[in-house]
Amino acid sequence: SPRFRCPSDRLPSGVPVLLPFLGLIAAGVWRFAPPSAGWAASGLTLLASVILGWRFPRAARASLPALAVLAALLTASRLLPGDVVWQCTVHCQGGGHYQTLLGLSVLWPALFGYAIFAGLCLRDRHAERLSTATAALGWLLLGASLYYLLLSIRLAIVCPHCLAVHTVVLACTGGLLHHLRPVPALSALLLSVLTLHAAFHPGVVADTVDV
């Protein structure tokens with residue numbers, strides 16, 4: 001009955017842009033504020049993503065294209081010459097081994113992945129649910145971000161740019177919660193983590209020294 005329609009079926013005004021807005025704020029905090037403020041901003045963004053995804057799944061899903069575009073733009077900012085927007089100290093902190101894969105900067109596959117995900121989300125915007133391919137790609141991207149976050153913890157690396165990008169990517173969690181069954185979603189996430197782990201090294205490497 002329309003009178004007793006489930007609240008999760010509604011699309012409150014402003015909610016679809018809330019997560020991209022929080023992600024943009026978190027990126028700005030990581031760029032200009034101390035790391036402690038960045039962690040707080042990222043935590044708030046991820047908490048809002050989970051809550052909105054659980055309570056307003058349609059609204060969280062509507063935010064996916066903007067989040068993907070934001071992640072792509074943040075990634076592309078590191079490709080500008082001369083560190084115009086961001087400086088990256090990953091190599092200086094011992095994480096240079098993980099900045100390239102097969103001789104190519106990992107920024108390029110990340111950029112294309114976010115761009116493709118944004119396009120697929122826009123294609124599915126009028127469908128009842130995200131397609132399996134779109135949802136699977138989203139969970140693969142989440143897995144890649146989780147891999148790099150776990151890696152940064154193991155190597156004790158704090159890169160504001162990387163953490164800003166991963167915050168925006170993980171903010172997609174809310175929009176993906178109800179668009180792939182738990183087992184396939186977890187499988188895609190783990191596949192991404194394990195594939196990256198195998199591609200780089202079956203261990204944790206600080207530059208050329210296996211630790």
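The basis for the numbers below is simple: all heavy atoms, side chains too, and nothing from hydrogens, waters or symmetry mates. We count residues from 1, following the sequence as given.
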Taking [X] for the side chain and [Y] for the main chain, is one N or O donor matched with an acceptor at less than 3.5 Å?
| X | Y | value |
| --- | --- | --- |
| R31 | G28 | no |
| H197 | Y147 | no |
| S152 | L149 | yes |
| S63 | P20 | no |
| S131 | T134 | yes |

Is there a path of hydrophobic side-chain contacts, each under 4.5 Å between heavy atoms of I/L/V/M/F/W/Y residues, joining [Y] to [X]?
| X | Y | result |
| --- | --- | --- |
| W108 | L102 | no |
| V29 | L22 | no |
| W86 | L163 | yes |
| L140 | F117 | no |
| V69 | L18 | no |

Give me the atom names and distance for the closest heavy-atom approach of [X] to [Y].
| X | Y | answer |
| --- | --- | --- |
| V193 | G143 | CG2-O, 3.3 Å |
| E128 | R61 | O-NH1, 3.1 Å |
| L111 | A72 | CD1-O, 3.3 Å |
| V169 | L142 | O-CD2, 3.1 Å |

Output the distance between atom [atom1] ([X]) and atom [atom2] ([Y]), rounded to the nearest 0.5 Å.
| X | Y | atom1 | atom2 | result |
| --- | --- | --- | --- | --- |
| L46 | L19 | CG | CG | 9.5 Å |
| L107 | T100 | CG | OG1 | 10.5 Å |
| L137 | T132 | CG | OG1 | 12.5 Å |
| I157 | C162 | CD1 | SG | 8.5 Å |
| L120 | D124 | CG | CG | 6.5 Å |

Q. Would one find more than 12 heavy atoms of other residues, nucleotides or ligands at under 6.0 Å from atom CG of L104?
A.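 Check passes, neighbour count above 12.
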**Q.** More than 12 heavy atoms from other groups under 6.0 Å of CZ on R129
**A.**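 Correct, the count exceeds 12.
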Can you confirm whether [X] sits close enough to [Y] that some side-chain heavy atom of one is under 4.5 Å from a side-chain heavy atom of the other?
| X | Y | result |
| --- | --- | --- |
| L150 | R154 | no |
| V183 | S187 | yes |
| L73 | Y114 | no |
| L155 | Y98 | yes |

Pairs of donor and acceptor atoms involving the side chains of residues 34-43, under 3.5 Å and at least two apart or interchain, shall be tabulated with distances.
unit_1, atom_1, unit_2, atom_2, d
S42, OG, W30, NE1, 2.8
S42, OG, G38, O, 3.1
S42, OG, T167, OG1, 2.6

(Q) Between L130 and L64, is the side chain to side chain contact (heavy atoms under 4.5 Å, CB included) condition met? List the steps. (A) CA-CA 11 Å; L130 293 176; L64 289 177; 3.7 Å; yes
Please tabulate, one pair per line, all N/O donor-acceptor pairs under 3.5 Å involving side-chain atoms of residues 171-178, not counting sequence neighbours.
unit_1, atom_1, unit_2, atom_2, d
T173, OG1, L170, O, 2.6
H178, NE2, G53, O, 3.3

Q. Angle class for the Y148/F200 ring planes (parallel below 30°, perpendicular above 60°, tilted otherwise)?
A.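 Ring orientation, 0 to 90° scale: perpendicular.
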Q. What residue among L189, L196, L151 forms side-chain contact (heavy atoms from CB on, under 4.5 Å) with L146?
A.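 Result for side-chain contact (heavy atoms from CB on, under 4.5 Å) with L146: L189.
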